[in-house]
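Each chain gets a letter, A, B and so on, in the order the sequences are listed, and its residues count up from 1. Predicted model, so just to flag it, every value in this text is computed and none were measured.
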2 protein chains.
Amino acid sequence: MEANSRATRDASATGQAGARGRYHHGDLRNALLRAAIDLARDGGPDAVVLRAAARAAGVSATAAYRHFAGQAELLHAVKEYAQERLVDRMEESGREVEGEGVEAVVERVRALGRGYVMFAMEEPGLFRAAFCRETIGSVSLDQEGAARALSRRWESRSFDLLIETLDSLVACGKMAPERRPGAELSAWAMVHGVATLILDGPLADLGPEQVRHVIERALTDVIEGLTAR
Amino acid sequence: MEANSRATRDASATGQAGARGRYHHGDLRNALLRAAIDLARDGGPDAVVLRAAARAAGVSATAAYRHFAGQAELLHAVKEYAQERLVDRMEESGREVEGEGVEAVVERVRALGRGYVMFAMEEPGLFRAAFCRETIGSVSLDQEGAARALSRRWESRSFDLLIETLDSLVACGKMAPERRPGAELSAWAMVHGVATLILDGPLADLGPEQVRHVIERALTDVIEGLTAR
DNA sequence: GACAGATGTTTACGCCGTTAACATGGAGAG
DNA sequence: CTCTCCATGTTAACGGCGTAAACATCTGTC
């Protein structure tokens, strides 16, 4: 597989077909990242092994250090990718709901939540990677700043969808304006809780039908809670 | 530190004070488990390193294999311990609420959820261990059976509290009986979601006051959802 | 065309989990 | 009381991991 992509790149990048012994890879950073993503896809964050990614890219282990500061940074890149995929899945789910009436807006909120949990079930490895802990060790001030920036980006990427939809829930009169602030967090917590309990918690060995039921029930409950009275 | 506990154990177990060169440890399994729990406490499940636990117990790494099939089993024992601690924390929280009126019952539900999230914040390493993934690799049928049994134990230990309290929520007329089945799952999902978002998610860098706010809001929302209409 | 920096390689270190072979010592049988 | 057996410990060794250091090769620039 890696040989494939390598040959392809070789041909397209330089026209020097068959230059398989090429010393310089040409696109190693991306190759490593893709390999790491594949590792995460089946195996979760713990499976993102720098040496394995390098192996898959057909390159020595230490070559990776020319493009990533270390395993932590590679994993971080995978994490960002996984977060993007999660948001994509939510968007896809939300777009399927048309109309602007109260019913439609509520259904759109449900769809977003459903997309969230579906992503967790469809791509458990990536979902786990999206929420794995960042490099345990003492964070330097710069890294701390970066972490905070990431956290904000989290909000602005994943949350924007949710924020808009909840806003329209207020706009169409379904939700009381004074209940609006902080509603994203409850909504997010509910779907995140369902997803993680299904993946690694006590809901792990439920049948697909039961899982569907749990998801829909949780969506109903949180929406009722947010729009109560 | 390990020398300490060892000396203590030596003295208490055999009365043979100062028998430090003892070939047989006497209580190695427990010593290893305690060491592993300490590792998990600050460092989470990834920090449960068999060699480190053996080192802390003052014993060679391979000695651990006389008491645990491998690192996975050691981690599993830590996980069970962490789950017990979580339930203890919830009980402690729930017991603080007295009375049987509607107000008291609702407040008891809140207290259970609060205890759950508090445990996650007070013992993040143990909380993560309590929900870490079980040994990735292909599970044998026997192990699968065990996993299912564990899952049931999860329910019967952690859930019983919640189940009773939700039942009394119905009994006192606050919650509609037809909404009762499945309510545990929504409730659990909400508090679990809050806890994990605070530990490893985008709520990681909130101030303590904001965190308190998020928790209480989530509890309010889920209870309103469960008791709506 | 030579040189410099970017990119990749080999080698090496210490840590990890795990296996295999060996050592010890306590408990029960004769 | 002694001898033997087995539970419980030990050391040695293997392969895999992350990472650092020293070396090699390409490639763009004056």
Measure up the W188(A) and Y116(A) rings against each other and bin them: parallel (under 30°), tilted (30 to 60°), perpendicular (over 60°). perpendicular
I need the [atom1]-[atom2] distance between [X] and [N], as an integer number of Å.
X	N	atom1	atom2	value
E73(A)	dT19(D)	CD	P	11 Å
R55(A)	dG18(D)	CZ	P	9 Å
N30(A)	dT7(C)	CG	P	13 Å
L39(A)	dG16(D)	CG	C1'	14 Å
Q71(A)	dC16(C)	CD	C1'	14 Å
R29(B)	dA7(D)	CZ	C1'	15 Å
L75(A)	dG18(D)	CG	P	11 Å
D46(B)	dC17(D)	CG	C1'	14 Å

Polar contact flag, side-chain donor to acceptor under 3.5 angstrom, R110(B)-T220(B): yes
Kindly point out which of [options] is positioned nearest to the side chain of [X]?
X	options	result
L50(B)	dT18(C), dT19(D), dG9(D)	dT18(C)
V49(B)	dT18(C), dT9(C), dC16(C)	dC16(C)
A61(A)	dG16(D), dT19(D), dT18(C)	dT19(D)
V59(B)	dT18(C), dT19(D), dT10(D)	dT10(D)
A63(B)	dG9(D), dC17(D), dA13(D)	dG9(D)
S60(B)	dA21(D), dG17(C), dT10(D)	dT10(D)
R66(B)	dC17(D), dT19(C), dC22(C)	dC22(C)

Sub-6.0 Å ring centroid separation between F131(B) and H192(B): yes
Just N and O in the side chain of [X]: are any of them under 4.0 Å from OP1 or OP2 of [N]?
X	N	result
Y65(A)	dA20(D)	no
H67(B)	dA7(D)	no
R51(A)	dG15(D)	no

Strictly distance-based, threshold 3.5 Å: is any side-chain N or O of S186(A) a donor or acceptor partner for the main-chain N or O of A183(A)? no
Is it the case that dT10(C) (base atoms only) and T62(A) (side chain only) share a donor and an acceptor within less than 3.5 Å, ignoring hydrogens and angles? yes
What pairs with E91(B) under side-chain contact (heavy atoms from CB on, under 4.5 Å), at least two apart in sequence or on another chain? D88(B), R95(B), L161(B)
